[in-house]
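Note that this is a predicted model, so its numbers are computed, not measured. Every chain is numbered from 1, with letters handed out A, B, ... down the list of sequences.
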Number of protein chains: 2
Amino acid sequence: MPRSQYHLTQSEENYIKAIFALSGSSDDSISTNLLAERMSTKASSVTDMLKKLAEKELLTYTKYQGCTLTETGRNVAISIVRKHRLWEVFLVDKLQFGWDEVHEIAEQLEHIQSAQLINRLEEFLGFPKVDPHGDPIPNREGKFENIPARSSLSSCEIGTKGIVMGVEDGSPEFLQYLNRIELKLGSEIEIADKLSFDGSLVVIIDGRTTQFSHLLAAKIFIQPTS
Amino acid sequence: MPRSQYHLTQSEENYIKAIFALSGSSDDSISTNLLAERMSTKASSVTDMLKKLAEKELLTYTKYQGCTLTETGRNVAISIVRKHRLWEVFLVDKLQFGWDEVHEIAEQLEHIQSAQLINRLEEFLGFPKVDPHGDPIPNREGKFENIPARSSLSSCEIGTKGIVMGVEDGSPEFLQYLNRIELKLGSEIEIADKLSFDGSLVVIIDGRTTQFSHLLAAKIFIQPTS
DNA sequence: GATAAAATTTAGACTTGTCTAAAAAATGTT
DNA sequence: AACATTTTTTAGACAAGTCTAAATTTTATC
Ligand SMILES: [Mn+2]
Ligand SMILES: [Mn+2]
Ligand SMILES: [Mn+2]
Ligand SMILES: [Mn+2]
């Protein structure tokens with residue numbers, strides 16, 4: 001009994017994706033204001049959209065209590081994330097874009113409707129497990145393969161060595177800064193010192209010494225090797 | 001003095017593209033009803049849109065007299081056609097789609113906004129000159145390279161031999177029929193006979209004899225070799 | 001040139017997604 | 001518990017894109 005596939009608008013898909021991202025692993029409900037900020041819109045617009053998405057059973061919504069994705073809603077979100085990340089791999093691996101240039105284009109491509117397209121793209125790309133920022137790509141059943149545990153650099157001790165496995169993909173400026181200091185996925189990194197008065201870190205990246213603010217370090221994820 | 005680049009909606013882009021396609025080489029104006037039929041919408045909706053597009057100077061519109069694209073409008077149309085056809089090449093050459101499967105997906109992909117993306121895609125594909133249906137791909141300056149003259153099969157004499165250079169890409173069913181009889185771009189074709197009572201043709205395709213209705217023959221374009 | 005038919009536009013309505021301003025509910029503070 | 005503040009919802013508006021039904025203009029025909 002194939003559940004009738006609602007067509008979702010780009011706007012609806014963007015809301016679903018945002019709620020999924022804000023939820024993370026927890027299943028606490030997401031507040032209207034938080035979602036409004038994330039979507040760069042007003043709380044009243046969010047309320048309207050939540051009613052509509054609740055009507056379509058993509059999330060549960062209780063007045064004044066925020067929302068939580070349903071199973072269906074989560075699946076929609078995962079499918080969009082899958083598309084976004086596979087397109088990012090395409091842009092970087094095949095079209096030679098930098099990791100700082102792909103997010104905006106992928107924001108558009110993630111809404112292209114065709115299951116066949118994305119499955120063939122995945123095959124064409126050789127079934128990548130992570131996107132250019134190290135984020136895991138769910139398989140066609142929507143499962144994230146077991147990705148080895150990663151720690152934020154800011155949570156590691158002095159003396160920790162590791163390999164860069166992921167970086168936050170929010171801002172192009174941040175990624176361009178990483179380009180400048182030649183930090184990539186796979187770079188070897190060591191925490192040489194932590195300055196207690198401002199929480200900044202002295203780090204050695206592939207042999208080059210530099211300094212990271214706490215905020216910057218929080219956006220880099222490593223797999224510790226010692 | 002960079003002319004302020006209006007953002008066009010998908011709907012606006014689809015209208016522009018349709019007007020361009022209906023205009024062909026002639027510069028007669030396109031009537032409201034013709035456009036309405038092409039867009040599968042109502043004449044009243046077309047009127048509204050024409051007013052908007054005229055306001056944006058993408059076309060000239062005179063009440064009761066139809067519309068004509070301006071230079072700017074034509075450039076927009078060509079850029080969309082370019083994107084559509086390059087994406088079709090990608091889908092067929094890289095993702096192994098059949099020529100009957102790509103149109104609908106390309107209808108979505110043609111609206112992705114990024115000049116860099118399409119230029120890099122073109123390079124990745126090796127600067128193809130035609131799409132999977134034999135239609136020419138304009139270069140990044142919007143020029144169609146000189147494509148050798150092609151004739152509709154229906155307009156050729158008995159005894160004409162030629163190479164299939166293009167087919168109409170409107171309907172998947174038509175393209176699937178061509179698959180069935182193994183007619184491809186590059187196939188050698190000869191008109192063995194013309195039946196005067198219904199205008200149908202007896203043709204030989206790569207050595208195999210079959211029969212084409214006049215309507216079907218009109219959708220196949222060859223470069224005559226004799 | 002008058003009249004009939006066809007094409008086109010206008011008027012008014014509806015949906016989606018957004019906004020501002022005001023009302024209501026929840027939360028925090030004494 | 002009462003008041004103040006913050007969060008959230010509601011009410012009413014607007015732009016885009018569409019529709020139906022009615023009015024208008026053009027074109028065809030006698
Ligand atoms: Mn991204
Ligand atoms: Mn990413
Ligand atoms: Mn096509
Ligand atoms: Mn085509």
Practice task
Start with the C-alpha gap between B:Ile220 and B:Leu183, add the side-chain angles, then the distance that decides, and say whether side-chain contact (heavy atoms from CB on, under 4.5 Å) holds.
Solution key: CA-CA 10 Å; B:Ile220 294 172; B:Leu183 182 151; 4.0 Å; yes

Practice task
Considering only NZ, NE, NH1 and NH2 on the basic side and carboxylate oxygens on the acidic side, decide whether A:Glu71 and A:Arg74 come within less than 4.0 Å.
Solution key: yes

Handout entry: d(CG, B:Leu8; P, D:dA16) in whole Å
Key = 13 Å

Problem - B:Glu110 bridged to B:Arg82 by N-O distance under 4.0 Å - result: no

Practice task
Give the intermediate values and the outcome of ring-ring contact (aromatic ring centres under 6.0 Å, His included) for residues A:His103 and A:His133.
Solution key: CA-CA 10 Å; A:His103 190 77; A:His133 313 99; 7.2 Å; no

Handout entry: Integer-rounded Å distance: D:dA16 C1' and B:Leu50 CG
Key = 15 Å

Handout entry: Basic-acidic side-chain contact under 4.0 Å: A:Glu37, A:Lys42
Key = no

Practice task
Look at B:Glu122 together with B:Arg85 and state whether they make a salt bridge at an N to O cut-off of under 4.0 Å.
Solution key: no

Practice task
Would you mind reading off the distance between B:Lys51 atom NZ and D:dA15 atom P, rounded to a whole angstrom?
Solution key: 15 Å

Exercise for the section: Could you check how far CD of A:Glu12 sits from P of C:dT15, rounded to whole Å? Expected result: 15 Å

Practice task
Would you please confirm or rule out a distance under 4.0 Å between OP1 or OP2 of C:dT10 and any side-chain N or O of B:Thr47?
Solution key: no

Handout entry: A:Leu34 CG - D:dT6 P separation (whole Å)
Key = 18 Å

Handout entry: Between C:dT16 (P) and A:Tyr15 (OH): distance, integer Å
Key = 14 Å

Problem - Per-nucleotide protein contact string for nucleotides 19-26 of chain C (B base, S sugar-phosphate only, - none; heavy atom under 4.0 Å) - result: BB---BSS

Exercise for the section: Write down the distance between CE (B:Met49) and C1' (C:dT10), rounded to a whole number of angstrom. Expected result: 18 Å

Practice task
Please figure out whether A:Gln10 or B:Tyr61 has its closest DNA chain C nucleotide nearer the 5' end.
Solution key: B:Tyr61

Practice task
Give a yes or no on whether a salt bridge exists between B:Lys194 and B:Glu157, defined as a side-chain N under 4.0 angstrom from a carboxylate O.
Solution key: no

Handout entry: Side-chain N or O of A:Asn33 closer than 4.0 Å to phosphate OP1/OP2 of D:dT8
Key = yes

Handout entry: Protein-nucleotide distance (A:Asn14, atom CG; C:dT16, atom P), rounded to Å
Key = 17 Å

